[in-house]
Trainee: 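Next up is a structure, given as structure tokens.
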Protein chains: 2
Amino acid sequence: MTQLGTLYVISAPSGAGKTSLVKALLAQDTQVRVSVSHTTRPIRPGETDGKDYNFVTMETFDAEIQKGQFLEYANVFTNKYGTSRIWVEEQLSQGMDVILEIDWQGAQQVRQQMPDCVSLFILPPSITELRKRLTGRGTDSEETINHRMSEALNEIRHYREYQYLLVNDNFDTALQELQSVFTARRLELRRQQQKHAAMLTGLLSE
Amino acid sequence: MTQLGTLYVISAPSGAGKTSLVKALLAQDTQVRVSVSHTTRPIRPGETDGKDYNFVTMETFDAEIQKGQFLEYANVFTNKYGTSRIWVEEQLSQGMDVILEIDWQGAQQVRQQMPDCVSLFILPPSITELRKRLTGRGTDSEETINHRMSEALNEIRHYREYQYLLVNDNFDTALQELQSVFTARRLELRRQQQKHAAMLTGLLSE
């Protein structure tokens, strides 16, 4: 079956509000799903297998890598994290849009395997606001905060690799903008031709 | 100066609701303007020069054609209608999006001259609904209605030449969809880089 949905890659530094925006989008748009990553790290109290992550053994993970079953994966310390291709392709073929919340390195891997994916980067409105958001409740050391800032800025340096750029100054505005990208993409000729095939045949047979 | 705004070409058969949708979009989106066509036909009672049309003589119109000043133009009976390039380029350079409400023939001319334009076609939801909308108050002859239907269907046959396809079943939904295309296009990397240049420089200089 032809691919109907669109694959979205969304990246952002910590403090940009990516997770909250994606969650709010999912709550209002029933045609979107977010991919649950595979991981080899142990499950933690309060986490649900298949919801927070798909928890698998290192052997399973490595076997899947060999079979080319990951759209992207990464080593984080001694554990592996990745996005399974099967679930994503199944969702797309059912007409669902799929979001991958991954960093710039994962995004580069996905673009190679799925060149039709749509990529979107979310930025905080300013360096001052970013530091404020990463400072949290003021209980962390200056060193910890500087480390977070440095990691955020490393991510930000890759914003030019994305097709869309969102600046999350006001949450409601940013959510509306995010929704616009998803709505507009569904209006592209090819997707509308699939959705309205019967009606178009009717109109053109007159 | 670099072009900042986007040029939109919007076509539709009579009865699709194009004019009402564009009017509603202009009322809610201050970054969009619609182009006023030039015409050689005489001004009619109730019309305002520069608002309904730019009324010009045949000599002026022909001189402008010679100078390549039209993005598109057409002969309709003994009169000429066209879109002036100067006003459009001025608006785009000021960051405004510009809409041209033209037919498929005009759209083809504009695409040749402005390949970056975004084109959008609006359809009625069904052949039955189209006939209903073109029947009007029931005072027209069957022949007149059939002629309108035939013209509408000739326009519809060109929908595949457009990048976006809107189906105007529910007016509010169609308006929201139209707005989404304009909003999403403004989020594209290039335009956001222009809009947020100072902020991006600040973030990346850290």
Side-chain angles (χ1 to χ4, degrees), chain A residues 13 15-16 29 118-131 146 149-150 152-167 169 173-174 176-196 198-206, chain B residues 13 15-16 29 118-131 146 149-150 152-167 169 173-174 176-196 198-206:
Chain A
D29 189 329
V118 173
S119 64
L120 196 147
F121 198 89
I122 304 173
L123 280 177
S126 68
I127 195 86
T128 316
E129 178 64 21
L130 178 64
R131 181 170 280 277
N146 285 342
M149 277 297 281
S150 155
L153 292 168
N154 277 338
E155 187 72 23
I156 288 175
R157 276 184 199 103
H158 292 271
Y159 83 89
R160 289 185 200 83
E161 296 162 22
Y162 294 74
Q163 291 158 273
Y164 292 96
L165 189 61
L166 249 76
V167 178
D169 189 0
T173 305
Q176 210 177 351
E177 290 180 342
L178 185 62
Q179 179 70 70
S180 292
V181 174
F182 283 72
T183 302
R185 286 270 163 182
R186 289 179 197 139
L187 299 170
E188 287 180 358
L189 181 65
R190 196 181 51 86
R191 278 188 76 170
Q192 288 284 68
Q193 281 182 304
Q194 291 173 326
K195 185 177 174 189
H196 298 285
M199 185 270 277
L200 288 167
T201 307
L203 273 175
L204 294 168
S205 65
E206 282 293 308
Chain B
D29 188 330
V118 173
S119 63
L120 197 146
F121 199 88
I122 304 173
L123 281 176
S126 69
I127 194 87
T128 315
E129 178 65 21
L130 178 63
R131 182 172 279 276
N146 285 343
M149 276 298 280
S150 156
L153 292 167
N154 277 338
E155 187 73 23
I156 288 174
R157 277 186 198 101
H158 292 270
Y159 83 89
R160 290 185 199 81
E161 297 162 22
Y162 293 75
Q163 291 158 272
Y164 293 95
L165 190 60
L166 250 76
V167 178
D169 190 0
T173 306
Q176 210 176 352
E177 290 179 342
L178 184 63
Q179 180 71 69
S180 293
V181 175
F182 282 73
T183 302
R185 285 270 162 181
R186 288 179 198 139
L187 299 170
E188 288 180 356
L189 181 65
R190 196 180 50 86
R191 277 188 77 171
Q192 287 284 67
Q193 282 183 303
Q194 291 173 325
K195 184 178 173 187
H196 298 284
M199 186 269 277
L200 288 166
T201 307
L203 274 175
L204 293 168
S205 65
E206 281 294 307

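All chains are named by letter (A, B, ...) in the order of the sequence lines, taking the proteins before the strands, and each is independently numbered beginning at 1. Just so it is clear, the values below take in all heavy atoms, side chains as well, and ignore hydrogens, waters and symmetry mates.
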Trainee: Does any heavy atom of chain B fall under 4.5 Å from the side chain of A:Leu153, the backbone, both, or neither of them?
Mentor: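 When you check distances to chain B, only side chain atoms of A:Leu153 fall under 4.5 Å.
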
Trainee: Check the surroundings of atom CD in A:Glu129: do more than 12 heavy atoms from other residues, nucleotides or ligands lie under 6.0 Å from it?
Mentor: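 More than 12 heavy atoms, drawn from other residues, nucleotides or ligands, come within 6.0 Å of this atom.
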
Trainee: Of the backbone (N, CA, C, O) and the side chain (C-beta and beyond), which part of B:Gln163 lies under 4.5 Å from a heavy atom of chain A, both, or neither?
Mentor: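 The answer is the backbone of B:Gln163.
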
Trainee: Just so I know, are the side chains of B:Met199 and A:Leu123 near enough to count as touching, which here means a heavy-atom distance under 4.5 Å?
Mentor: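 Sidechains of A:Leu123 and B:Met199: in contact.
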
Trainee: Does atom CD of B:Gln176 have more than 12 heavy-atom neighbours, drawn from other residues, nucleotides or ligands, at distances under 6.0 Å?
Mentor: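 Open: at most 12 neighbouring heavy atoms sit under 6.0 Å from CD of B:Gln176.
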
Trainee: Among B:Leu187, B:Leu203, B:Leu189, who wins on heavy-atom pairs under 4.5 Å with chain A?
Mentor: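 Sorted descending by pairs with chain A, the first entry is B:Leu187.
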
Trainee: Below 4.5 Å from any heavy atom of chain A, which atoms of B:Phe121 appear? Answer side chain, backbone, both or neither.
Mentor: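 Neither part.
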
Trainee: Distance from B:Thr201 atom OG1 to A:Ile127 atom CD1, nearest 0.5 Å?
Mentor: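 With rounding to 0.5 Å, OG1 (B:Thr201) is 12.0 Å from CD1 (A:Ile127).
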
Trainee: Please look at A:Leu120 and chain B and tell me whether the side chain, the backbone, both or neither of the residue comes under 4.5 angstrom of a heavy atom of that chain.
Mentor: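 Neither part.
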
Trainee: Could you state the interatomic distance from CG (B:Leu165) to CZ (A:Arg190), rounded to the nearest 0.5 Å?
Mentor: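 One finds 13.0 Å between CG of B:Leu165 and CZ of A:Arg190.
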
Trainee: Do A:Thr183 and B:Thr183 have side chains that approach each other closer than 4.5 Å (heavy atoms only, starting at C-beta)?
Mentor: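 They are not in contact (no side-chain heavy atoms under 4.5 Å apart), so the answer is no.
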
Trainee: Output the option from A:Val167, A:Val181, A:Leu178 having the highest count of non-hydrogen pairs under 4.5 Å with chain B.
Mentor: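 Sorted descending by pairs with chain B, the first entry is A:Val167.
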
Trainee: Non-hydrogen atoms of chain A under 4.5 Å away: do they reach the side chain of B:Arg160, the backbone, both or neither?
Mentor: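 Both backbone and side chain of B:Arg160 come within 4.5 Å of chain A.
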
Trainee: Under the rule for side chain to side chain donor-acceptor pair (under 3.5 Å), what residues qualify as partners of A:Asp29, not counting sequence neighbours?
Mentor: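 Side chain to side chain donor-acceptor pair (under 3.5 Å) check on A:Asp29 returns A:Gln179, A:Arg186.
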
Trainee: Is B:Leu166 close to chain A through its backbone or its side chain, or both, or neither, when contacts mean heavy atoms under 4.5 Å?
Mentor: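 Both parts, heavy atoms under 4.5 Å.
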
Trainee: Could you check whether any side-chain heavy atom of A:Leu200 comes within less than 4.5 Å of a side-chain heavy atom of B:Tyr159, counting everything from C-beta outward?
Mentor: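 Result yes, sub-4.5 Å side-chain heavy-atom pair found.
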
Trainee: Might you point out which heavy atoms bring A:Ser180 and B:Ala184 nearest each other, and give the distance in Å?
Mentor: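 Where A:Ser180 meets B:Ala184 most closely, the heavy atoms are O-CB, 3.8 Å.
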
